[in-house]
Novice: 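Quick one: the structure is below, questions incoming.
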Amino acid sequence: MEEQAEDLRELLNGSVSDSKNEEKPKNHSTRIIAITSGKGGVGKTNISVNMAIAYAQLGKKVILIDGDLGMANVNVLLNVVPQYNLMHVINKKKTMKEIILDTEFGIKFIAGANGFSKIANLSVEELEYFAKQFSTLGNADIIIIDTGAGIANNVLQFVAAADEVYVVTTPEPTAITDAYGIIKIVTTEIVDRPVNLKLLVNRVHSADEGKRISERIITIVGQFLGYKVDYIGYVYDDPVVQASVIRQKPFMIVNPTSKPAVCLKHIVGRIEKTDMEGNEGVSNFLKKFLGKKNK
């Protein structure tokens, strides 16, 4: 047990060595964003996919990771059938490089694993291998992680480690309640460091509605949790979204001038203007990710 504990300490201190056949990229200022929600059905995955494409259209190197290890479905929106996924990496059957898919939309994609939650119980050896493999993603400019909905351990693990966390909600009362719920869980479970939380209101019918919903949640969070949440914007409700889902082609591609597409472009543009000084890259993401797992 003491030997395992020492191995883990070395892992968290960044002393994981690469295998002889793998080249570790320079860990530049990769921006790592986790997109999450308090409940399913608010359009979180659609936001993740189309935001990734919006970044790629700015010339960024983007990796989209389906971090939902229970009900992974990003591949459905991208209309790809991945042969391998994160489960193969966790089980040490494939390297991260071997499971990354290029897409026709200018982004790279790493598939999640339906019905799989082993990451909550990884051994030190498995954690070390996963860390080595994740560290090979350090050449990306943007990594977007579409987490599962709700408050599962896997969700909190990704949320705790990301540079920025975007909570997606809609104007529906249940979605608002659940958005507050996940913010409360995040702020009470992750107490060793502040989480950079931002709110995105999806499926609004007007800019005023988005602002009103966000102000309500932000005020309640500040009053009862003493926590600061920023508002990053809104996305309009529009039939083009459902049509794009049916076609399995992102709305940023189907109709780049639609209201939802324009909204996401504006959001990404604002995000890009914000200071990246607090963004620590892949190696520090791993330290926080593994630290959260092993507390």
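In what follows, residues are counted from 1 in the order of the sequence shown.
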Novice: Between Asp163 and Arg31, is there a salt bridge with N-O shorter than 4.0 Å?
Specialist: no

Novice: Closer than 3.5 angstrom, by distance alone: can the side chain of Lys60 be matched with the main-chain N or O of Ile53 as a donor-acceptor pair?
Specialist: no

Novice: Can Thr45 and Asp146 be counted as having a side-chain donor-acceptor contact under 3.5 angstrom?
Specialist: yes

Novice: Excluding sequence neighbours, so at least two apart, what forms salt bridge (charged side-chain N to carboxylate O under 4.0 Å, His left out) with Asp208?
Specialist: none

Novice: Assess the residue pair Leu64 and Ile110 against the criterion (side chain to side chain contact (heavy atoms under 4.5 Å, CB included)); give the C-alpha distance rounded to whole Å, side-chain angles, the decisive distance to 0.1 Å, and a yes or no.
Specialist: CA-CA 6 Å; Leu64 175 62; Ile110 295 175; over 6 Å; no

Novice: Is the backbone of Val268 close enough, under 3.5 Å, to the side chain of Glu272 for a donor and an acceptor to pair up by distance?
Specialist: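 No, the answer is negative, given that no donor and acceptor are paired below the 3.5 Å cut-off.
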
Novice: Can you check whether Ala161's main-chain N or O pairs, donor with acceptor, with Lys288's side chain at less than 3.5 Å?
Specialist: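 Side chain of Lys288 to backbone of Ala161, a donor-acceptor pair under 3.5 Å: yes, one is there.
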
Novice: Would you call Arg203 and Glu172 a salt bridge, taking side-chain N to carboxylate O under 4.0 Å as the test?
Specialist: no

Novice: Val262 and Val254: same hydrophobic cluster, using ILVMFWY side-chain contacts below 4.5 Å?
Specialist: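 As far as the 4.5 Å side-chain criterion goes, Val254 and Val262 are not connected within one cluster.
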
Novice: For the side chain of Thr170 and the backbone of Asn202, is there at least one donor-acceptor N/O pair under 3.5 Å apart?
Specialist: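 Pair absent, no side-chain N/O of Thr170 close to backbone of Asn202.
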
Novice: Below 30° counts as parallel, above 60° as perpendicular, anything between as tilted: where do the rings of Phe285 and Phe158 land?
Specialist: parallel

Novice: Between Phe134 and Tyr129, is the gap from one ring center to the other below 6.0 Å?
Specialist: no

Novice: Does a side chain donor of either Tyr55 or Gln57 reach within less than 3.5 Å of an acceptor in the other side chain?
Specialist: no

Novice: Are Val42 and Val76 connected into the same hydrophobic cluster when the rule is that any two of I, L, V, M, F, W, Y join if their side-chain heavy atoms are below 4.5 Å apart?
Specialist: no

Novice: What I want to find out is whether Lys259 reaches Asp238 closely enough, with some N-O distance under 4.0 Å, to be called a salt bridge.
Specialist: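 So Lys259 does not pair with Asp238 through a salt bridge.
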
Novice: What's the verdict on side chain to side chain contact (heavy atoms under 4.5 Å, CB included) for Ile271 and Glu164, showing C-alpha distance, side-chain angles and the deciding distance?
Specialist: CA-CA 10 Å; Ile271 295 169; Glu164 300 154 81; 4.0 Å; yes

Novice: I'd like to know if the side chain of Gln133 and the backbone of Thr95 have a donor-acceptor N/O pair within less than 3.5 Å.
Specialist: no

Novice: Sub-3.5 Å donor-acceptor pair from the side chain of His266 to the main-chain atoms of Cys263, do we have one?
Specialist: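 Not confirmed, His266 side chain does not pair with Cys263 backbone.
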
Novice: Taking atom types as modelled and ignoring hydrogens, do the side chains of Ser48 and Asn46 form a donor-acceptor contact shorter than 3.5 angstrom?
Specialist: no

Novice: Among the clusters formed by ILVMFWY side chains lying less than 4.5 Å apart, do Phe224 and Ile217 turn up in the same one?
Specialist: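 In one cluster: yes.
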
Novice: Applying the side-chain contact (heavy atoms from CB on, under 4.5 Å) criterion to Ile63, which one of Ile144, Ile145, Leu137, Ile32 satisfies it?
Specialist: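 That would be Leu137.
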
Novice: For Arg212 and Ser206, does a side-chain donor sit closer than 3.5 Å to a side-chain acceptor?
Specialist: no

